[in-house]
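The structure under discussion appears below in the form of structure tokens.
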Amino acid sequence: MAVTPSPTHWNAEDLWLDIAPKLPGFTVEVLPEIDSTNTELMRRARAGRAEPIVLVAESQTAGRGRQGKTWLNQPGDCLMYSLGMVLNPVDWSGLSLVVGLSIAESLQRAPGTHTPRIGVKWPNDLWLHDGRKLGGTLIETANLPAHTHAPCFGAGQGTPRFVIIGTGINVRPPHTPAQALHTPAACLQDVDARWTAPQALAQLLPRLVDDVLLFAQQGFAPFQERFAARDVLRGQHVHLSDGSSGEAAGVLPDGTLQLRTDAGLRSVISGDVSVRPIHMALPPAAV
């Protein structure tokens with residue numbers, strides 16, 4: 001006899017009550033299945049529908065990650081959502097770092113430890129400190145059609161754009177065989193067996209909105225010290241997709257990665273290259 005899965009309770013009304021005062025016109029939408037939450041919000045933005053929204057999917061048939069990688073799941077295995085809003089920040093540099101940092105801090109505040117177990121692999125991937133990937137974010141922007149009416153956030157002087165922050169986080173152990181993964185996978189239940197996708201969204205989304213709004217007003221600089229505490233690459237020997245390598249030496253106030261090489265410090269801008277640690281040599285982290 002087939003077992004009918006229990007319905008997922010996303011507490012959308014509570015999320016809306018938490019966030020609507022900060023984002024006028026904000027909505028929460030949960031879909032049982034869609035091709036990609038990022039793709040759907042991009043379609044809407046190009047049609048002039050640019051009010052702030054979080055779109056959650058229990059299942060995606062064509063989810064996308066960085067560098068064109070696909071993101072698939074069964075309902076309940078992953079938290080998959082896209083946050084969309086119109087931004088005009090003082091500086092776009094570092095937004096992806098802020099997103100990864102905010103999520104890591106929300107999902108595990110790790111009081112009393114100097115090495116939080118959930119860290120950020122520059123620019124925004126969520127990693128455990130044993131070198132396994134927990135999740136990642138794909139940020140896309142869209143130009144808005146003329147005469148689009150939507151609230152805009154930020155203190156920038158440039159042209160506002162609709163920003164889509166799409167995140168996927170493993171909640172349950174992944175079904176994909178370990179040998180098929182480029183990076184070993186982790187899940188939230190490795191950190192705490194009680195985690196569910198709705199709980200994770202309720203925990204991270206209000207803080208993420210706060211941090212994105214702060215970034216839009218002040219840029220990455222206010223987050224630099226916080227990022228250092230979650231930086232899983234700092235002090236690690238890494239190689240870049242362009243064939244170069246060196247020791248990761250933290251980030252600048254604009255979020256640029258510093259790489260210590262034989263020729264001196266090199267600046268690496270998010271999106272230019274892929275950065276991967278050659279090995280992880282961090283001490284065990286307390287939960």
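Note: hydrogens, waters and symmetry copies are ignored here, and every other heavy atom, side chains too, is used. This structure is a prediction, so every number in the text was calculated from the model and none was measured.
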- Task: Using the side-chain contact (heavy atoms from CB on, under 4.5 Å) rule, take Arg172 and Cys187 through it: C-alpha gap first, then chi angles, then the decisive distance, then the call.
- Result: CA-CA 6 Å; Arg172 298 173 181 162; Cys187 67; 5.5 Å; no
- Which atom pair, heavy atoms only, marks the closest approach of Ala186 to Leu128? CB-CD1, 3.7 Å
- Item | Closest non-hydrogen atom pair between Val120 and Ala104, with its separation | CG2-CB, 4.0 Å
- Message: Could you tell me if the side chain of Asn170 sits less than 4.5 Å from the side chain of Leu79, heavy atoms only?
- Response: no
- Query: With no hydrogens and no angle check, do the side chains of Thr167 and Thr137 hold a donor and an acceptor under 3.5 Å apart?
  - Reply: yes
- Item | CG-CG distance between Leu41 and Leu83, expressed to the nearest 0.5 angstrom | 8.5 Å
- Task: Find the distance between CD (Glu140) and OG1 (Thr39) and round it off to the nearest 0.5 Å.
- Result: 6.5 Å
- Item | Check: Gln108 side chain, Ile118 main-chain N or O, donor-acceptor pair, under 3.5 Å | yes
- Donor-acceptor pair, Asp125 side chain versus Gly136 backbone, under 3.5 Å? no
- Neighbour count >12 (heavy atoms, 6.0 Å) for atom CD, Glu225: no
- Task: List for me each residue that meets side-chain contact (heavy atoms from CB on, under 4.5 Å) alongside Asp18, sequence neighbours excluded, and say none if there are none.
- Result: Pro206
- Can you name the one residue among Arg266, Arg260, Arg234 that meets salt bridge (Lys or Arg N to Asp or Glu O under 4.0 Å) with Glu247? Arg260
- Item | Any donor-acceptor N/O pair, His237 side chain to Gly246 backbone, under 3.5 Å | yes
- Message: Keeping Asp35 on the side-chain end and Thr61 on the backbone end, is there a donor-acceptor pair under 3.5 Å?
- Response: no
- Looking just at side-chain N and O atoms, do Trp195 and Gln203 make a donor-acceptor pair shorter than 3.5 Å? no
- Task: Decide yes or no for Val98 and Leu101: does some side-chain heavy atom of the first lie under 4.5 Å from some side-chain heavy atom of the second?
- Result: no
- Distance only, no hydrogens: is a donor on one side chain within 3.5 Å (strictly under) of an acceptor on the other, for Asp91 and Ser93? yes
- Message: Using 30° and 60° as the class boundaries, would you call the ring planes of Phe220 and Phe227 parallel, tilted or perpendicular?
- Response: perpendicular
- What are the two closest non-hydrogen atoms of Phe153 and Ala216, and how far apart are they? O-CB, 3.9 Å
- Whether Thr256 side chain and Leu252 backbone form a donor-acceptor pair below 3.5 Å: no
- Item | Shared hydrophobic cluster, Val238 / Leu265 (ILVMFWY, side-chain heavy atoms < 4.5 Å) | no
- State the CH2-CG distance between Trp122 and Leu257, to the nearest 0.5 angstrom. 5.0 Å
- Would you kindly say whether Gln258 and Ser267 are connected by a side-chain donor-acceptor distance under 3.5 Å? yes
- Verify, without hydrogens or angle tests, whether Gln224 (side chain) and Gly255 (backbone) share a donor-acceptor contact under 3.5 angstrom. no
- Query: Between the main-chain N or O of Arg194 and the side-chain N or O of Asp192, is there a donor-acceptor pair closer than 3.5 Å?
  - Reply: yes
- Item | Counterpart residues, side-chain contact (heavy atoms from CB on, under 4.5 Å), relative to Ala150 (two or more places apart) | Ala50, Val86
- Task: Grab the two heavy atoms, one from Arg117 and one from Val191, that are nearest each other, plus how far apart they are.
- Result: NH1-CA, 3.8 Å
- Task: Give a yes or no on whether Val209 and Val90 share a hydrophobic cluster (residues Ile, Leu, Val, Met, Phe, Trp, Tyr; joining criterion: side-chain heavy atoms under 4.5 Å apart).
- Result: no
- Give a yes-or-no answer on whether the side chains of Thr37 and Gln60 include a donor-acceptor pair shorter than 3.5 Å. yes
- Between Glu58 and Pro32 the two heavy atoms that sit nearest each other are CB-O, 3.6 Å
- Query: Okay, side chain of Asp211, backbone of Leu208: is any donor-acceptor separation there less than 3.5 Å?
  - Reply: no
- Query: With a 3.5 Å cut-off and no angle check, do the side chains of Thr148 and Arg49 form a donor-acceptor pair?
  - Reply: no
- Item | Distance-minimising heavy-atom pair for His149 and Glu51 | O-OE2, 3.8 Å
- Item | Residue pair Ser82 / Asn38, side-chain donor-acceptor N/O under 3.5 Å | yes
- Message: Checking Tyr81 against Leu204 for the side-chain contact (heavy atoms from CB on, under 4.5 Å) test, could you report, in this order, the C-alpha distance in whole Å, the side-chain angles of both residues, the deciding distance, and whether it holds?
- Response: CA-CA 12 Å; Tyr81 68 90; Leu204 70 86; 3.2 Å; yes
- Check ion pair Asp231-Arg226 (N to O, under 4.0 angstrom): no
- CE of Met42 to OG1 of Thr141: how many Å apart, nearest 0.5 Å? 6.5 Å
- Message: Listing request: all salt bridge (charged side-chain N to carboxylate O under 4.0 Å, His left out) pairs with a residue in residues 143-154, at least two apart in sequence or in separate chains.
- Response: none
- Just wondering, more than 12 heavy atoms not from Arg44 lying within 6.0 Å of its CZ? yes
